[in-house]
Amino acid sequence: MQQIYNDKMNYNDLSEQEQIRRQSLDELRKLGIDPYPAAMFPVNVTTKEIASDFSAESNNFQDVAVAGRLMGKRIMGSASFAELQDEKGRIQLYFKRDDLCPGDDKTGYNTVFKKLLDIGDIIGVRGFVFVTQMGEISIHVKEMTLLSKSLKPLPIVKEKDGTVYDAVTDPEFRYRQRYVDLVVNPVVRDVFIKRTKIINSLRELYNSRGYLEVETPVLQPIPGGAAARPFITHHNSLDIPLYLRVANELYLKRLLVGGYEGVYEFAKDFRNEGMDRTHNPEFTVMEIYIAYKDYLWMMDFVEEMLEKVALDLHGTTKVPYADTIIDFKRPFNRMTMAGAIKQYTGIDITGMNEDQLKNACHQLNIEIDETMGKGKLIDEIFGAKVEHHLVHPTFIMDYPVEMSPLCKKHRSDPNLTERFELIVNSKELCNAYSELNDPIDQRERFQEQLRLSEKGDDEAMFIDQDFLRALEYGMPQASGLGIGIDRLTMIMTNQPSIQDVLFFPQMKPEKGQATRDEAQEKYIAMGIPVEWVDVLKKLGYTSTDKLKETKAGKLSNDLNGFNKKNKLGLKGLSPQEVEEWLKE
RNA sequence: GAUCCAGUAGCUCAGUAGGUAGAGCACAUCCCUUUUAAGGAUGGGGUCCUGGGUUCGAAUCCCAGCUGGAUCACCA
């Protein structure tokens with residue numbers, strides 16, 4: 001045991017169950033069994049294939065090899081049943097002592113399987129498939145190989161007739177240790193399979209149209225394409241600040257200038273803003289730009305893609321979400337921004353100037369501040385009074401020009417832009433434009449953003465001179481679209497929180513290891529032997545500063561007492577030794 | 001950022017007139033020897049989130065903090 005733990009403190013820190021598993025590990029090695037063998041295990045079938053294709057009549061699957069995690073063990077003397085879980089599902093294993101160990105030596109069953117194998121261990125088995133008296137398809141195991149020993153006990157989740165017992169539900173546990181969540185909550189694994197299916201479904205559609213999947217920079221000198229606060233970083237050899245992208249729009253449009261007629265990217269974007277049920281600092285957006293199209297064409301295309309995703313995933317356009325069913329059957333509802341506001345507030349904002357809009361906000365009890373321009377005021381009204389009504393897919397079109405600096409002016413009203421958002425479940429799911437390709441207009445819009453920025457809007461866009469230069473060479477008319485993939489996944493998989501569709505949602509760092517290791521060096525620098533550092537921390541001397549305020553006599557007493565009480569077996573300390581530590 | 005709720009065994013959770021910390025599953029030992037979340041018996045396992053305070057005595061009451069969740073604000 002000592003060889004496994006270079007440090008006895010750590011061993012004592014382990015729970016009883018963890019200590020027992022480490023002892024089992026030791027005993028396995030003594031029996032000549034490598035708990036982490038290198039050789040491949042030749043799996044020839046999955047549990048799902050057996051479950052769906054086995055029939056007693058055809059007597060198939062008579063030499064199967066499956067591998068997975070041991071999820072349950074029921075020992076009945078010389079016979080045992082166990083549950084094996086692989087990626088696709090679970091199957092029952094049947095062990096019979098004399099079949100597993102045909103000779104005189106029954107160690108393989110009595111010791112290895114019954115005693116040294118734990119729930120959570122990864123094993124491979126060979127055998128034949130049969131049906132038990134209870135009617136359960138099972139594998140009669142003739143050979144078993146330990147593939148990877150598990151040292152931490154898994155939470156035990158059991159299920160009977162669709163009722164789950166003791167399910168792991170603590171969100172913090174689930175998000176921080178997603179690997180455990182995935183093992184014990186198969187539904188969670190399924191959500192992420194669906195997420196990939198959604199992305200594949202969209203990609204198939206785009207590729208079938210001949211659009212090109214591309215990659216553009218994540219590190220950008222100017223974070224353009226969206227109004228959002230960026231993360232900032234620094235490049236050492238160039239010695240310049242770089243920003244993590246908030247959007248990839250401006251780069252994809254440069255590619256239209258370059259002559260590609262349809263480009264798309266599934267992009268991770270980063271925004272240094274609040275976190276909640278629908279916002280994570282990094283998130284995935286699909287952006288696509290198609291030359292010679294306009295936003296009206298794009299609306300039809302969005303309907304086509306979302307209907308396809310729903311059908312590919314569910315086989316129907318009707319998708320259950322929370323208490324309702326969202327129907328992605330086309331066509332979707334279409335309203336203009338002004339029309340929607342008029343419908344839900346009775347106020348017609350058409351043609352209003354900034355003061356009139358501020359009045360309207362007062363009238364509607366909407367809080368505003370001095371930094372807000374026309375665009376932001378209208379958006380406030382929409383957000384406060386309209387958005388929450390829009391549960392089923394609804395296009396909101398023709399946004400005011402002030403809030404859409406990258407969008408072409410409306411062909412029949414210069415105060416509006418050719419822009420739409422698709423609102424589903426009261427949240428923006430898609431955003432699309434007839435892209436602005438007039439370089440002079442674009443320059444003026446950027447300058448307007450600059451004025452907003454000077455007014456105090458910290459999300460206003462920067463001027464990207466290279467982008468303007470690209471537009472001056474000429475960009476074809478085009479329509480562009482962004483879809484929030486995380487939110488789309490939430491809706492399509494009926495998940496209430498963005499954290500449920502991200503494998504590793506952003507969390508506050510766990511306190512512990514990292515800081516502890518850093519501090520350990522400080523203790524050692526004081527001349528304290530490594531083996532005493534953990535003892536000090538256990539006694540509450542969590543910083544070296546705290547330590548220096550303590551008298552050497554008391555300290556050596558405390559340390560020696562702890563050593564004795566916990567039978568650590570460390571060599572006792574003299575007060576003189578301890579005094580040396582505290583000297584500077 | 002504001003308000004509310006939660007934090008007790010590996011997991012799910014009980015536990016207040018303040019008075020020695022509990023259950024189920026898991027784990028260990030023994031018995032049983034073809035089970036279906038669960039065969040039987042016995043047993044081990046706890047920083048009751050952390051730090052203060054009140055008290056003879058705090059898981060429990062008070063204050064502060066940490067972590068998470070919910071709602072709101074912010075997030076075109």
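Owing to the predicted nature of the structure, the values given are computational and were not obtained by experimental measurement. Each chain gets a letter, A, B and so on, in the order its sequence line appears, and its residues count up from 1.
The base of B/rU36 is paired with the side chain of A/E136 by a donor and an acceptor separated by under 3.5 Å. Scanning atom types as modelled, one donor and one acceptor separated by under 3.5 angstrom connect the side chain of A/T132 and the base of B/rU36.
Within 4.0 Å (heavy atoms only), A/F420 reaches no atom of the nucleic acid at all. Base engagement by A/Q92 is indicated by at least one non-hydrogen atom pair under 4.0 Å involving a base atom. Counting non-hydrogen atoms under 4.0 angstrom, A/R277 reaches the backbone sugars and phosphates but no base. A/Q499 comes within contact range of the sugar-phosphate backbone alone, with a heavy-atom separation under 4.0 Å but no base atom that close.
Closest to the side chain of A/R74, from the set B/rC27, B/rA38, B/rC74, is B/rA38. The listed nucleotides are B/rC74, B/rG68, B/rU36; the one nearest the side chain of A/E380 is B/rC74. If you check B/rC74, B/rC27, B/rU36 against the side chain of A/E16, the one that comes closest is B/rC27.
An OP1 or OP2 oxygen of B/rG68 is reached within less than 4.0 angstrom by a side-chain nitrogen or oxygen of A/R176. The shortest distance between the side-chain N/O atoms of A/K158 and the OP1/OP2 oxygens of B/rC25 is not below 4.0 Å.
At most 12 heavy atoms of other shown residues, nucleotides or ligands fall within 6.0 angstrom of atom NZ in A/K142.
Residue A/F173 is the one, among A/F81 and A/F173, whose nearest nucleotide of RNA chain B lies closer to the 5' end (criterion: closest heavy atom).
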